[in-house]
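The structure appears below as structure tokens.
Just so it is clear: chains get the letters A, B, ... in the order the sequence lines come, proteins before strands, and each one is counted from 1.
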Amino acid sequence: MGTIKRDWLDLSKSFPLQVSDNIGVVPDFNRLHWHDSLEINYVKQGEGIYLINGRTYTMREGDIILLGPNDLHRAFETRDLVLQVTVFDSALFAADQRYEPDILAPFTEMNIRFDNLLDRDNPAIGELRGLLLDMQREYRTRADSYRAVMRAQLARFLAYVNRNFSKAPVGSASRLRGKQSLARSVLQAIHEDPVRAWTLQELADIAHLSPSRFSAIFKQTVGTSPLNYCLQIRIGQAIQLLESTERKIIDIAAECGFHNLSNFNRVFSTHVGRTPSQVREGRQKQ
DNA sequence: CTCGCTGGAGACCTTAAACG
DNA sequence: CGTTTAAGGTCTCCAGCGAG
């Protein structure tokens, strides 16, 4: 497939970790996208809205947002937004996983044991903020051995998230691994024909489960409900077509499996935050 | 007239509870 | 671990409105 915009961040192979500040919303950042790297966003100032996998989060000063490898996301500003963005590759912790296999759990078990938006009332969040700021200071000064210091700070960050922000005990995740293979066959079917108007019954039949049971298991393993997942794929495709072609909105809607425009407009607006025509205008301004 | 968008009724999906 | 049931929420379709 590969029709949804996918960013390949230029992370150095030797040290795949970088920190930057985004003031307001950088146009490139503003588009719905995903990437294979892991991302930590820290709201230094102001307010904004984050759309992640079709869910809307309001973010305000002090909030920390984690984005895993497959989270479709898009941020925009509501007031004076300054975001510190820390991006890194999971390869950075390849060695650590030998003795600490759960070090990347905040990302690999996103939506199972962790939320994208970390609980702002958790007393441990202050320490996390400090670590992110320290990491950026190291990154800027690049004093001797800064890479080792940054990597240690990031490891501490992940460990503290693991320790203090988990919604469920560690054991619950391993039980879910069995269910993941069950979901895999269904995901494959969806991706082979994403435009099709899948019904819950059809998907449940592939998994040999009752619709309600299937829906629950899918949500547990994939992080979003079955039909919402299909919707995300189709919307991502529509954004791609709106931005890269001049075709009529009604044709794009039809190609992405929306049989009437009214429905397309409404669904699109709630998921993306702008109407289809606004998305297209946004492209032309750039 | 066409195109983009909104409102309402009904179909379908999601989720939790009760139970085998 | 699984099904059935039922309430509540979400999506789809159709009618209709305003702008160009």
Can you tell me if [X] uses its side chain to pair, donor with acceptor, with the backbone of [Y] under 3.5 Å?
X        : Y        : answer
A/Gln84  : A/Lys44  : no
A/Gln136 : A/Tyr139 : no
A/Glu127 : A/Ala124 : no
A/Arg120 : A/Asp63  : no
A/Asn164 : A/Asn122 : no

Row check, A/Phe165 ring normal vs A/Arg163 NZ/CZ: under 6.0 Å, within 45°
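A/Arg163 over A/Phe165 ring: no.
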
Any chance you could list the contact pattern along nucleotides 3-14 of chain C? Use B for base contacts, S for sugar-phosphate-only contacts and - for none, protein heavy atoms under 4.0 Å, 5' to 3'.
BBB-----SBBB

Would you say A/Val149 ends up clustered with A/Leu133 if hydrophobic residues are merged whenever their side chains have heavy atoms under 4.5 Å apart, either directly or through other cluster members?
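Unlinked, A/Leu133 and A/Val149 end up in two clusters.
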
Along DNA chain B, first and last positions that approach a heavy atom of chain A under 4.0 Å
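That gives a stretch of B/dC3 to B/dA16.
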
